[in-house]
Amino acid sequence: MLARVTVAEVPPGQFDKARQLLNTAAERTRGLRGHRASYWLGDPKTGKVVTVALYNTQEELRESADKVAAWKEELIPQAGGRLVSVDEYEVLIGG
């Protein structure tokens, strides 16, 4: 299993807007081939948002990359935010 970890920052005053946009992103992500689960984490005090999206295979993770990147470019600015980082990992131990 593979994971894409995305970190974004939004102004704390825009956190409710960010939460709405995360719902949009979550719905879209559920339809991607190989997507197993996503965890959407956030701190309203700092505006930091961390997303962990899990995929079955490296191929499916790569296949989703361009589509997911386009969604980030569309949605993050709507909350006045910025993309901080995107990293990919192999899941070594799951719960």
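These numbers come from a predicted model, not from an experiment.
- Listed here is the closest heavy atom pair of Pro12 and Gly47: CG-N, 4.2 Å.
- Under the 4.5 Å side-chain heavy-atom criterion for grouping Ile, Leu, Val, Met, Phe, Trp and Tyr, Tyr39 is not connected to Leu22 through any hydrophobic cluster.
- Under a hydrophobic-cluster definition in which Ile, Leu, Val, Met, Phe, Trp and Tyr are linked whenever side-chain heavy atoms come within less than 4.5 Å, directly or via other members, Val84 and Leu41 are assigned to the same cluster.
- Both Val50 and Tyr89 are members of a single hydrophobic cluster when ILVMFWY side chains are connected at heavy-atom separations under 4.5 Å.
- Between Ser64 and Leu61, the shortest heavy-atom distance links the atoms OG-O, 2.8 Å.
- Counting only residues at least two apart or in different chains, salt bridge (charged side-chain N to carboxylate O under 4.0 Å, His left out) contacts with residues 32-43 comprise Arg33-Glu59, Arg33-Glu60, Arg33-Glu63.
- We find the CD-CD distance between Gln20 and Gln14 to be 10.0 Å, quoted to the nearest 0.5 Å.
- When side chains are defined from C-beta on, Leu32 counts as touching Tyr55, because their heavy atoms get closer than 4.5 Å.
- The shortest non-hydrogen separation linking Pro11 to Ala79 is CD-O, 3.5 Å.
- Distance check, rounded to the nearest 0.5 Å: CG of Leu83 to CD of Glu73 gives 8.5 Å.
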Next on the checklist: Determine whether Glu88 and Leu2 satisfy the following criterion, side chain to side chain contact (heavy atoms under 4.5 Å, CB included), listing intermediate values before the conclusion.
Outcome noted: CA-CA 7 Å; Glu88 295 176 355; Leu2 288 295; over 6 Å; no
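- When every heavy atom of Arg82 is checked against every heavy atom of Ile76, the shortest pair comes out as N-CG2, 3.5 Å.
- The side-chain hydrogen bond (donor to acceptor under 3.5 Å, both in side chains) test applied to Thr6 returns Lys72, not counting sequence neighbours.
- Distance alone, capped at 3.5 Å, places no donor-acceptor pair between the Glu27 side chain and the Asn23 backbone.
- Looking only at side-chain heavy atoms (C-beta outward), Phe15 and Val49 come within less than 4.5 Å of each other.
- For Arg19, there are no salt bridge (Lys or Arg N to Asp or Glu O under 4.0 Å) partners, not counting sequence neighbours.
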Checklist entry - Which is it for Arg28 and Leu75 under the side chain to side chain contact (heavy atoms under 4.5 Å, CB included) test, yes or no, and what are the steps along the way? => result CA-CA 12 Å; Arg28 292 177 181 180; Leu75 297 173; 4.0 Å; yes
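- The CG atom of Leu54 sits 7.0 Å away from the NE2 atom of His35 when rounded to the nearest 0.5 Å.
- Note: Met1 CE to Thr57 OG1 = 12.0 Å, rounded to the nearest 0.5 Å.
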